[in-house]
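Here, residue 1 is the first one in the sequence, and each next residue gets the next number.
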Amino acid sequence: MQNHAVRVHPESDRLACAEQLAWKIAQVAADPVGVEAPVADMIINRMIDNAAVAMASVNRHSVMSARAEALAHRREAGATVFGMGSDVRVHAEWAAWANGTAVRELDFHDTFLAAEYSHPGDNIPGILAVAQQCKRSGADLIRGIATGYEIQINLARAICLHKHKIDHVAHLGPSVAAGIGTLLRLPPSVIYQAIGQALHVTTATRQSRKGEISSWKAYAPAHAGKMAVESVDRAMLGETAPAPIYEGEDGVIAWMLGGKNALYQVPLPKPGEPKRAILSSFTKEHSAEYQSQALIDLAFRMGENITNWDNVEDVLIETSHHTHYVIGTGSNDPQKFDPQASRETLDHSIMYIVAVALQDGCWHHVRSYEPERARREDTVRLWKKIHTVEKPEWTERYHESDPDRKAFGGRIIIRMKDGRVLADEQAVANAHTLGATPWNRDDYIRKFLTLSEGIVPKSEAERFLSVVQKLPDLAAGELHQIELSIPSQDMQFNRVESIFNFGQLGAGSEGARQCAALMT
């Protein structure tokens, strides 16, 4: 790996294209280096993982709405939409939108945490959609996804966004654009322009993950993927981007990140160096923020020693800066203690998560968040006794570059009313590569079969698993097989009229009346 110093330059410097971070990313994307077997295998695992969480969310409201918008943009021989089968095709950018929303809705796929945090599996829907529409091969897709992971993860290693209240998908727009550039074997000059455009249109504030967290949390990465597809398309047509997008005196670093005096060291592979970043990321065994994974496993173990939850006096979680300030009491978000809060808010409250994990000894992507579960009186009482504190040793391990020491766990200290103290800690989740039960292909398949049960017919699930595991051998034009079909009676649709489907539901509908009022 090679570190690239990135800082703001005044316009008088006339910073050469070759010195700009966007160009250096484009060079990595255009490098024809092959993909190593462990990386290709992990890409298949993550495609299975994405499909699992997408199927589990396929009939949730946000996903239905995104799908409704996508289906209004049909295209013969376009890209597929999760659940609709290979016969239904839409424009690639709209498939990226619908499928990206489905993948992110439950916040249950892979993660990478460093200076910034990310869900690098968000790269897959946009790159896959373009691969399907442009009739690329499985090997092409693998190369594109390897680039997407490489760029997003290395940007997350170097450039903190949340410190400056910028949403983490600002790293995703450039990574998807770069991945598509690799997929289509575009020249660096085109990829460079696409990266600049994608970054420019995918920067937004962190309010999407703060306070009353809304359905936009699922849409944000899908929007970044959609914008990346469109950015690449415009760049292929010869359109250009604001530049230098990172280093300009009115660019992203100067006004959205560290400012004119900031210096970032961004690691990128050297020419000819294989892209291995995906191997540094981890998936989730439990449907909750990644930095809660080890604490959930720890809470399962500790909860076995408590029989009466009202005997608990206080619960302290010692953890990292990120966990304390983003999902802990350091966030100062009262919504994180609100039994009426949305699922999106509850899965960003380590206090709620630990309370339920202690009591239930298990975690379920639906039942653990149901209103009646969140509002259970003994749970609410326990929940309000839990607080977090940052400990330097956990923050140091969170930012550790050594993969054998990097950890996202913490220590739980439970004080009982009778004076007993229960204390234990766990550094990494059980499913982590260094954990008690590190995950392999069989675990990803089990997750897929569990989450898709009752939604995807068994024969269709088996067909998908067979095809996706043959990904390296799929020929050009065969990637439409990487989809899933659900019986029409099991697929739900948003029937409210929108601008895109205006008139299709009947002029007398409430949606039509609202739309008509909007357009007069």
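- Between H73 and W94, the angle of the ring planes stays under 30°, which puts this pair in the parallel group of the 30/60° scheme.
- The six-membered or imidazole ring of H286 lies near that of F300, with a centre-to-centre distance under 6.0 Å.
- In summary, the side chains of S65 and S62 do not present any donor paired with an acceptor at a separation below 3.5 Å, with no hydrogens or angles considered.
- Under the 30°/60° scheme for interplanar angles, the aromatic rings of Y219 and W216 are found to be tilted.
- Atom CZ of R446 has more than 12 heavy atoms from other residues, nucleotides or ligands within 6.0 Å.
- When the shell of 6.0 Å around NE2 of H61 is examined, it contains 12 or fewer heavy atoms from other residues, nucleotides or ligands.
- Here E400 pairs with R405 in a salt bridge; the nearest charged N to carboxylate O distance falls below 4.0 Å.
- Residue pairs meeting the side-chain hydrogen bond (donor to acceptor under 3.5 Å, both in side chains) criterion with at least one partner in residues 407-416, sequence neighbours excluded, are R411-E425.
- Tested against Y117, the residues H399, H321, H162 include a single ring-ring contact (aromatic ring centres under 6.0 Å, His included) partner, H162.
- Taking the ring centre of F408 as origin, the terminal cationic atom of R397 falls outside the region bounded by 6.0 Å and 45° from the ring axis.
- Counted within 6.0 Å of CD on E377, heavy atoms from surrounding residues, nucleotides or ligands total 12 or fewer; the atom is thus considered open.
- Considering all non-hydrogen atoms of both residues, Y352 and R373 come closest at OH-CG, 4.0 Å.
- When the shell of 6.0 Å around NE2 of H200 is examined, it contains 12 or fewer heavy atoms from other residues, nucleotides or ligands.
- Residue-environment remark: CD (E313) exceeds the threshold of 12 foreign heavy atoms within 6.0 Å.
- No side-chain N or O of Y290 forms a donor-acceptor pair with one of D107 less than 3.5 Å apart.
- A side-chain donor-acceptor contact under 3.5 Å links T379 and Q359.
- Ionic pairing of R381 and D378 is not present here: no N-O contact between side-chain nitrogen and carboxylate oxygen is shorter than 4.0 angstrom.
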- Can you check side-chain contact (heavy atoms from CB on, under 4.5 Å) on H109 and H119, steps first, answer last? CA-CA 7 Å; H109 59 325; H119 296 281; 3.6 Å; yes
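- Counting non-hydrogen atoms of neighbouring residues, nucleotides and ligands closer than 6.0 angstrom, the NZ atom of K417 exceeds 12 such neighbours.
- Rounded to the nearest 0.5 angstrom, I245 CD1 and I195 CD1 are separated by 11.5 Å.
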